Amino acid sequence: MACPPAAPPALRRWLGLGLFVLLCLSLGYALEKKVIKSKAGEKIGLPCCHEIPSTGSLHDYRVYWQKNTTDVVLAYAEGKMISQHERYKNRVEMDTRTLTLWISPVETLDNGPYQCVVQHLRFSQNSIVVCDELVSLFVTAEFSKPNITAEVSAHSCESTEMVVRCSSHGGFPKPKISGALNNVSVVWNASWVSESSLSPYNVTGKLLLNVTKDISITCSIEHNGFAKSTSLLLRKMNDCIVPTVPPSYNVVTASSIIIIIFLLAITLAARYLLRHVCSHCCKPQDSVEEGVKECTKPPVSSKVTSETSSV
Ligand SMILES: *[C@@H]1O[C@H](CO)[C@@H](O)[C@H](O)[C@H]1NC(C)=O
Ligand SMILES: *[C@@H]1O[C@H](CO)[C@@H](O)[C@H](O)[C@H]1NC(C)=O
Ligand SMILES: *[C@@H]1O[C@H](CO)[C@@H](O)[C@H](O)[C@H]1NC(C)=O
Ligand SMILES: *[C@@H]1O[C@H](CO)[C@@H](O)[C@H](O)[C@H]1NC(C)=O
Ligand SMILES: *[C@@H]1O[C@H](CO)[C@@H](O)[C@H](O)[C@H]1NC(C)=O
Ligand SMILES: *[C@@H]1O[C@H](CO)[C@@H](O)[C@H](O)[C@H]1NC(C)=O
């Protein structure tokens, strides 16, 4: 920022100058804490502390844009770009008059304090203006909508044991993960991964649940004052009939085998009776049919009783 010169008369001039110096200092102090917020992917401009007057030209200056006081992001000398940081290649440009550094698209890795250093070449080698105002860049990134998956690990008639996972990725800064089971808050066993302290985070929450009835689970990713939520209905498995079916099926087959064996035994017995007993008692040819009926009746009733007893 440029502080206009004070009025000429002596006392007023000194007073004025002092006031301006104070003003400049306080402004500088205020700017020192300046934080510029942005979202990953956007274009952002970082203001420089010095502006080339309309009568001047970039050819008369050296401009260094530094990050974290150690890395040179972009440097200009005598109107030409002399240096550009590898990480910022094709993403930065500088306004040739305001010396604003434009970054597009901005990344979370760009986070940190920036500073511009301006040197006037025409008049003196020592006329260096170092901005005492650091501009802090704070880039945030949106998290993806949380994704909930549920996996049945075991189940019985009473409950279904599930492994529930909630994940979200690509956001910055580190988020909070919270959950609710039918409105009752629940704590996820959370883990965060990030390649570096300034890289986007992936977050995963894990939960082991015994589901005794259908229940709704909600996962919320809170970050930067905003929350993104997803809900999933966890269904208790209602296939209690399934495990009881195979045994009953076995009972049916076993009992039918027993019945078949009984029937076989009965028919064999009936044939034996027909040959050895009925040949003596049922003499007339006509009454053979009736005799067969009479003789087979008792075994039939015994078959019925055996059937009912076995079931
Ligand atoms: C600034 O650089 C120093 C040394 O290279 C490093 O330890 C520090 O973490 C950096 N700070 C930021 C905010 O990048
Ligand atoms: C959620 O995660 C599952 C398993 O990792 C994956 O198959 C599915 O595509 C994901 N859904 C979304 C919307 O990302
Ligand atoms: C959950 O809580 C909110 C507010 O606390 C309430 O409006 C809503 O009806 C509740 N839902 C259930 C299913 O209890
Ligand atoms: C959370 O998960 C980690 C790794 O999977 C495990 O070591 C830890 O015991 C779990 N904590 C709780 C409270 O379940
Ligand atoms: C985060 O998740 C994304 C998408 O699932 C994946 O491509 C990336 O490698 C993950 N990052 C880390 C640090 O695990
Ligand atoms: C779920 O219930 C089974 C038995 O009913 C028990 O062994 C298991 O520890 C329970 N799991 C959880 C997470 O409560």
Side-chain angles (χ1 to χ4, degrees), residues 35-44 67-68 70-71 73 85-92 103-114 136-239 242:
V35 177
I36 292 193
K37 291 182 179 180
S38 181
K39 276 185 183 163
E42 287 181 350
K43 182 174 183 169
I44 192 78
K67 188 197 174 189
N68 195 14
T70 50
D71 294 342
V73 174
H85 197 282
E86 195 60 39
R87 257 194 23 77
Y88 292 85
K89 210 153 212 155
N90 302 323
R91 293 199 299 128
V92 282
I103 311 176
S104 174
V106 80
E107 300 170 355
T108 58
L109 284 170
D110 299 339
N111 279 345
Y114 288 77
S136 277
L137 178 60
F138 184 63
V139 181
T140 58
E142 287 288 313
F143 275 92
S144 65
K145 193 171 159 63
N147 184 359
I148 308 177
T149 57
E151 199 179 289
V152 174
S153 51
H155 74 93
S156 64
C157 281
E158 297 75 38
S159 70
T160 304
E161 205 180 301
M162 290 185 184
V163 181
V164 185
R165 282 189 179 85
C166 172
S167 60
S168 178
H169 56 86
F172 190 87
K174 189 175 170 175
K176 273 186 196 148
I177 178 168
S178 61
L181 278 171
N182 275 359
N183 260 3
V184 179
S185 80
V186 68
V187 178
W188 293 94
N189 186 1
S191 60
W192 293 265
V193 265
S194 173
E195 275 165 18
S196 74
S197 63
L198 294 179
S199 296
Y201 285 85
N202 283 0
V203 60
T204 309
K206 194 178 154 188
L207 211 54
L208 274 173
L209 286 180
N210 267 342
V211 178
T212 51
K213 59 177 194 298
D214 288 1
I215 193 167
S216 163
I217 187 155
T218 305
C219 175
S220 299
I221 303 291
E222 290 167 57
H223 133 269
N224 226 29
F226 292 100
K228 277 189 177 178
S229 303
T230 302
S231 292
L232 183 75
L233 183 67
L234 302 175
R235 291 189 180 278
K236 176 192 176 317
M237 291 182 84
N238 277 320
D239 50 359
V242 172

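Please read all numbers here as calculations on a predicted model, not as lab measurements. Remember, it's 1-based here, ligands and their atoms both numbered in the order they're listed. Residues: numbered from 1 along the sequence shown.
With respect to atom 4 (C) of ligand 2, the closest heavy atom belonging to the protein is T149 CG2, 4.0 Å.
The N/O atoms of N202, backbone and side chain alike, include one that comes under 3.5 Å of an N/O atom in ligand 5.
Interface of N189 with ligand 4, defined as ligand atoms under 4.0 Å from a residue heavy atom, comprises 1 (C), 2 (O), 3 (C), 8 (C), 10 (C), 11 (N), 12 (C), 14 (O).
Side-chain polar atoms of S231 and T218 form a donor-acceptor pair below 3.5 angstrom. Neither side chain, E158 nor T212, offers a donor N or O lying under 3.5 Å from an acceptor on the other.
Residue N147 holds the heavy atom nearest to atom 3 (C) of ligand 2 of all those in T230, I148, N147.
The pair E222-K228 does not count as a salt bridge, with every side-chain nitrogen at least 4.0 angstrom from each carboxylate oxygen.
Distance check for atom 11 (N) of ligand 2: a protein heavy atom is found below 4.0 Å. By the definition of a contact as any protein heavy atom under 4.0 Å away, atom 14 (O) of ligand 2 is in contact. For atom 7 (O) of ligand 5, no protein heavy-atom neighbour is found at a distance under 4.0 Å.
F172 approaches F143 most closely through the heavy-atom pair N-CE1, 3.7 Å. Minimum interatomic distance between D110 and P105 (heavy atoms only, all atoms of both residues): OD2-O, 4.4 Å.
Applying the side-chain contact (heavy atoms from CB on, under 4.5 Å) test between I177 and each of S167, C219, S191, P146 identifies C219 as the sole match.
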